[in-house]
Amino acid sequence: MRVITFGTFDLFHIGHVRLLKRARELGGSLTVGVSTDALNVEKKGLSPFYSQDHRLEIVDSLRFVDEVFYEESLEKKRSYVEFYRADILVMGEDWAGKFDYLSDACSVVYLPRTDGVSSTLIRDALSGEKR
Ligand code: CTP
């Protein structure tokens with residue numbers, strides 16, 4: 001079974017590690033779509049701290065990641081699932097229900113997040129906000 005997942009993976013942290021490791025355990029290969037800087041600016045109004053090239057290189061270096069690509073549009077999820085021949089789409093449970101419309105193309109699984117950590121929390125803590 002081929003697994004696919006998506007994310008920004010900025011300021012790479014333990015929540016990212018655990019999500020990717022569990023995603024890989026659901027199948028025999030894991031493909032990861034790393035969102036582009038432009039997609040983040042468009043959707044969150046914020047450019048990630050690490051460039052898309054660095055984020056992609058970090059994710060690609062993990063032993064439980066087999067293949068990476070740039071996710072350029074949220075609306076292209078179905079074509080990515082088809083192009084990478086994914087059997088299972090994994091998303092964090094913060095997206096619960098949002099990708100059920102793809103369940104005719106693949107199984108859609110939402111995994112629990114790791115408590116207490118996120119790129120936003122790290123960014124805010126380092127910038128001295130919300131301590
Ligand atoms: N993730 C997780 N546990 C966390 C943070 C993220 O399991 N504590 C998962 C997300 O659910 C997603 C993947 O890691 O499936 C990549 O998420 P990303 O958007 O990069 O992570 P965040 O750290 O939540 O980023 P942000 O604060 O910008 O939303």
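For the single chain, residues carry numbers from 1 onward in sequence order.
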Margin query: For residues L74 and V34: do they belong to one hydrophobic cluster (side chain heavy atoms under 4.5 Å, members Ile, Leu, Val, Met, Phe, Trp, Tyr)?
Written below: no
Notebook entry, point to check: For the hydrophobic clusters of this structure (ILVMFWY residues joined by side-chain heavy atoms under 4.5 Å, transitively), does one cluster hold both Y50 and V41?
Noted result: no
Next item on the list: Specify the closest pair of heavy atoms between G28 and R24, including all atoms of both residues, with the distance to one decimal.
Entry: O-NH2, 3.1 Å
Indicate yes or no for a side-chain donor-acceptor contact from [X] to the backbone of [Y] under 3.5 Å, with no hydrogens or angles considered.
X	Y	value
R22	P112	yes
D66	L30	yes
R78	A105	no

Checklist line | Donor + acceptor pair across side chains of Y70, D53 (<3.5 Å) | finding: yes
Notebook entry, point to check: Side chains of F12 and L20: does their closest heavy-atom pair fall under 4.5 Å?
Noted result: yes
Item checked: Residues which pass ring-ring contact (aromatic ring centres under 6.0 Å, His included) with F99, listed by chain and number, not counting sequence neighbours -> W95
Next item on the list: List in chain and number order the residues that pass ring-ring contact (aromatic ring centres under 6.0 Å, His included) with H54, two or more places apart in sequence or in another chain; answer none if no residue qualifies.
Entry: none
Check: Looking at D10, T36, D37, which hits side chain to side chain donor-acceptor pair (under 3.5 Å) with R55?
Finding: D37
Determine all donor-acceptor pairs shorter than 3.5 Å in which one atom belongs to a side chain in residues 80-93; sequence neighbours excluded.
residue : atom : partner : partner atom : Å
Y80     : OH   : E72     : N            : 2.9
D87     : OD2  : R2      : N            : 2.6

